[in-house]
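What follows is a set of notes on a single structure, which appears directly below.
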4 protein chains.
Amino acid sequence: MRPVGASGVETRQRVEATALALFAAQGFTATGIRQLAREAGITSAALYSYMGCKEDLLASLMRGLMEPLLERSQTIATSDTQPEVRLRALARAHVRLHGEEPLAARIADTELRALTGDLLGEMLALRDAYEALWVAVIVDGVRDGTFACADTRLVAIALIDLCTGVSGWYRPDGRHTLETIATMHADLCVAAIRAPR
Amino acid sequence: MRPVGASGVETRQRVEATALALFAAQGFTATGIRQLAREAGITSAALYSYMGCKEDLLASLMRGLMEPLLERSQTIATSDTQPEVRLRALARAHVRLHGEEPLAARIADTELRALTGDLLGEMLALRDAYEALWVAVIVDGVRDGTFACADTRLVAIALIDLCTGVSGWYRPDGRHTLETIATMHADLCVAAIRAPR
Amino acid sequence: MRPVGASGVETRQRVEATALALFAAQGFTATGIRQLAREAGITSAALYSYMGCKEDLLASLMRGLMEPLLERSQTIATSDTQPEVRLRALARAHVRLHGEEPLAARIADTELRALTGDLLGEMLALRDAYEALWVAVIVDGVRDGTFACADTRLVAIALIDLCTGVSGWYRPDGRHTLETIATMHADLCVAAIRAPR
Amino acid sequence: MRPVGASGVETRQRVEATALALFAAQGFTATGIRQLAREAGITSAALYSYMGCKEDLLASLMRGLMEPLLERSQTIATSDTQPEVRLRALARAHVRLHGEEPLAARIADTELRALTGDLLGEMLALRDAYEALWVAVIVDGVRDGTFACADTRLVAIALIDLCTGVSGWYRPDGRHTLETIATMHADLCVAAIRAPR
DNA sequence: TATGAATGAGATTTCATTCAT
DNA sequence: TATGAATGAAATCTCATTCAT
């Protein structure tokens with residue numbers, strides 16, 4: 001008995017949007033299935049038409065951010081340009097996606113620990129693959145003398161963390177456009193590891 | 001029927017250590033009062049001799065990190081040295097405390113949203129005061145031409161985030177000593193905002 | 001896994017009947033939610049399909065007595081008959097309802113103190129409105145010389161108390177019918193305040 | 001290690017006074033042992049120097065009212081005066097004690113159901129003996145033609161209830177003195193069952 | 001007489017999930 | 001696709017009480 005005017009697709013989108021908002025604001029564990037249902041305008045039983053279980057829903061939200069991020073970054077990291085250009089592009093892409101999808105970003109960055117089993121493995125693999133792209137670019141830069149750094153992986157993580165912060169405070173109506181912020185962070189990253197001349 | 005040989009002080013320490021470990025690993029919300037009690041070796045009822053409520057316990061763990069951090073940083077930020085020296089010292093102190101107390105650090109950095117009411121207000125005030133110290137130092141550096149940056153507060157937060165990441169992966173038996181890592185992060189921070197000559 | 005053959009309506013009635021019995025016999029506070037659930041034949045979790053919280057359930061049981069009582073009494077008190085007739089009718093209605101619904105009556109009369117906030121306010125308002133009806137009738141009687149009394153409100157409360165006692169000991173299979181008892185109490189009330197000729 | 005200046009006797013009195021206030025206001029079940037201790041200014045463990053268990057304390061408070069009431073009423077009921085005089089005296093004594101000790105009275109009248117076992121038996125015996133005194137006086141009055149009533153025990157209970165109400169609203173600084181109120185209730189009682197001439 | 005620490009049981013309420021309709 | 005009713009387990013917290021000190 002579907003309410004007139006509501007299609008499954010719309011409902012699904014509403015559920016996902018609501019979950020994004022709640023998980024990001026309160027955390028996955030602190031968000032109850034009934035609050036989620038209530039704010040999405042359906043019963044909690046109906047939720048299970050749109051998700052396997054609560055954890056599946058979380059994983060699919062994470063995928064929604066991490067898969068595009070990984071995809072774009074793969075293209076960037078393997079492109080045929082100088083390491084500095086690629087590092088800037090990686091940073092820009094990271095900042096842009098974190099600014100455009102701050103909710104999904106926050107969830108992806110903080111709720112890994114809520115996952116278990118296969119879902120956890122899947123997400124860890126995505127994250128590791130992503131980190132490896134940054135490492136590869138930095139290694140290239142170190143090799144050709146553009147960059148200088150003591151521990152590549154460690155620095156890669158530090159720079160990613162630096163760009164990740166954006167999702168915590170960026171507002172579309174804030175003082176700077178997302179493009180400006182992306183440029184600033186790209187500058188910070190490159191400045192941080194550029195080899196002294 | 002108090003187990004012979006256990007004093008209140010010891011039990012309190014055991015409770016706090018257990019809470020640090022569990023809250024850091026699983027998150028505050030995902031950690032139940034009974035698990036906490038079980039792993040601390042007491043009943044859940046006895047927990048309430050050592051805390052007002054679960055949220056009070058969380059707040060006191062956060063204070064344990066944020067108050068020392070704020071105190072040391074205040075001394076640094078108001079010392080009579082060059083901005084670059086002070087910024088390096090801030091970064092080193094931040095990294096050092098986050099490396100020494102990674103559990104408390106992780107909790108302080110991720111569980112603010114679990115607080116409500118007065119406790120939330122108190123912690124936000126601590127955090128804001130801390131951020132203000134970094135901002136002040138950066139402003140000083142910009143004024144005397146050492147640093148160049150577009151938006152002080154934004155950059156301050158980005159640099160703090162950068163140093164915060166340490167608590168996520170640092171291990172005492174890892175490849176670098178904490179001092180080395182602190183130096184590296186201080187380098188990253190300064191490099192990131194040093195004015196081009 | 002809903003037991004076949006049980007509908008929500010039946011369950012709700014069973015819950016309310018059980019609550020009436022237990023609250024009346026043991027008191028609201030002394031009755032646990034699990035005992036209530038057990039004796040109603042459901043789980044304690046399922047109780048919450050039928051009530052907001054324990055206090056809401058109490059308030060709704062009270063309403064079940066006080067609203068009809070107030071309604072009937074309003075009709076009586078504002079009817080166009082002599083004060084003595086109206087007082088007798090008030091007493092009879094009170095006794096009758098207290099005899100027919102002794103459990104609800106006992107609860108309404110003794111568990112006000114278990115309520116808080118808005119629910120308490122609502123019930124106090126009902127009680128005050130009810131007392132005011134008796135006062136009004138007595139005042140009318142005093143005015144036309146039928147009754148004589150020093151303090152109307154005080155006497156009104158005393159007479160109501162007198163009729164209330166019925167719910168404590170009346171049994172349908174006792175020595176007197178409820179109608180007889182009602183008559184007796186109406187007699188007592190009128191005799192108690194009739195002006196001496 | 002008794003705090004200087006506090007004697008056991010004083011503490012005991014403070015405990016009993018506190019218990020009277022709390023049990024009367026909130027009910028026996030709703031009053032926790034720790035609230036009681038806190039408001040009496042001792043630890044909950046120390047309470048057990050002054051009482052066997054919570055239920056013992058309740059019983060002793062009840063005795064404090066019911067034994068004097070029974071004693072005085074026994075003297076009255078067996079005195080060599082006319083039934084009407086004795087009934088008035090019973091009512092006056094009841095009202096007086098309920099007005100002077102409204103807290104104990106309220107507890108004695110409402111918390112019987114919180115007792116179990118021997119303590120319950122003891123209190124029921126006191127109550128029954130007391131009721132029997134009223135019944136005896138009324139019977140005497142009926143015999144000599146002063147009173148007229150259909151069911152002695154039933155009427156006795158109704159009149160006791162009527163006088164009991166006093167403890168619910170009497171305030172020493174109210175509109176009437178306790179003596180006046182006692183007189184009014186004695187009047188009500190006698191008027192209610194006086195045989196028509 | 002008093003305390004601090006502790007206990008086992010239980011309080012009310014919510015959890016994620018299931019299932020016949 | 002959606003619902004109302006239900007579940008077993010667990011949530012946080014309080015209960016009255018005990019006992020070595």
Side-chain angles (χ1 to χ4, degrees), chain A residues 1-3 6-9 11-12 29-37 41-55 57, chain B residues 1-12 29-37 41-55, chain C residues 1-12 29-37 41-55 57, chain D residues 1-3 6-8 11-12 29-37 41-55 57:
Chain A
M1 253 172 298
R2 182 171 49 190
S7 91
V9 177
T11 308
R12 177 177 306 272
T29 314
T31 301
I33 217 83
R34 294 195 297 212
Q35 184 189 14
L36 175 53
I42 57 176
T43 56
S44 58
L47 266 184
Y48 288 83
S49 304
Y50 299 99
M51 64 184 200
C53 68
K54 203 187 163 197
E55 207 177 323
L57 176 56
Chain B
M1 251 173 298
R2 166 153 50 116
V4 183
S7 94
V9 177
E10 285 165 24
T11 310
R12 163 163 276 116
T29 313
T31 301
I33 220 80
R34 296 198 291 211
Q35 183 189 15
L36 175 53
I42 56 176
T43 57
S44 59
L47 266 185
Y48 288 82
S49 302
Y50 300 98
M51 64 184 201
C53 66
K54 202 188 163 197
E55 207 177 324
Chain C
M1 252 172 296
R2 169 154 46 117
V4 183
S7 94
V9 176
E10 284 166 26
T11 309
R12 162 163 278 115
T29 313
T31 301
I33 220 81
R34 295 197 291 211
Q35 184 189 15
L36 175 54
I42 56 176
T43 57
S44 59
L47 267 184
Y48 288 82
S49 302
Y50 300 98
M51 64 185 200
C53 66
K54 202 188 163 196
E55 206 178 324
L57 176 56
Chain D
M1 254 170 297
R2 182 172 49 191
S7 92
T11 308
R12 178 177 305 272
T29 314
T31 300
I33 218 83
R34 295 195 296 210
Q35 184 189 13
L36 175 54
I42 57 177
T43 55
S44 59
L47 265 184
Y48 288 82
S49 304
Y50 299 100
M51 64 184 202
C53 67
K54 203 187 162 197
E55 207 177 322
L57 177 56

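So that the names make sense, note that chain A is the first sequence line, chain B the second, and so on, each numbered from 1. It should be emphasised that the depicted structure is a prediction, and the values quoted were computed from it without experimental measurement.
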**OP:** State, to 0.1 Å, how close C:I33 and C:L47 come at their nearest heavy-atom pair, and which atoms those are.
**Re:** O-CD1, 3.5 Å

Original post:
For C:E10 and F:dA5, what is the distance between atoms CD and C1' respectively, to the nearest whole Å?
Top reply: 13 Å

Subject >> Whole angstrom value for the distance that separates C1' of F:dT14 from CG of B:L47 >> reply: 13 Å

Subject >> Shortest non-hydrogen separation from D:R12 to D:S49 and the atoms involved >> reply: NH2-O, 4.1 Å

Subject >> With D:T31 via side chain to side chain donor-acceptor pair (under 3.5 Å) - residues at least two apart >> reply: D:Q26

Original post:
Should C:T43 be listed as having a side-chain N or O under 4.0 Å from OP1 or OP2 of F:dA6?
Top reply: no

Subject >> Minimum-distance pair of heavy atoms, taken over all atoms of D:L57 and D:M51 >> reply: CD2-SD, 3.7 Å

**OP:** Report yes if at least one side-chain N or O of D:T11 is closer than 4.0 Å to OP1 or OP2 of E:dT1; otherwise report no.
**Re:** no

Original post:
In whole Å, what is the span from the CG atom of B:L36 to the C1' atom of F:dT12?
Top reply: 12 Å

**OP:** Could you run through DNA chain F and flag its stems, i.e. three or more consecutive Watson-Crick or G-U pairs with both distances under 3.5 Å?
**Re:** E:2-21 with F:2-21

Subject >> Nucleotide-resolved protein contact map, nucleotides 9-15 of chain E, B/S/- at heavy-atom distance under 4.0 Å >> reply: -SBBBBB

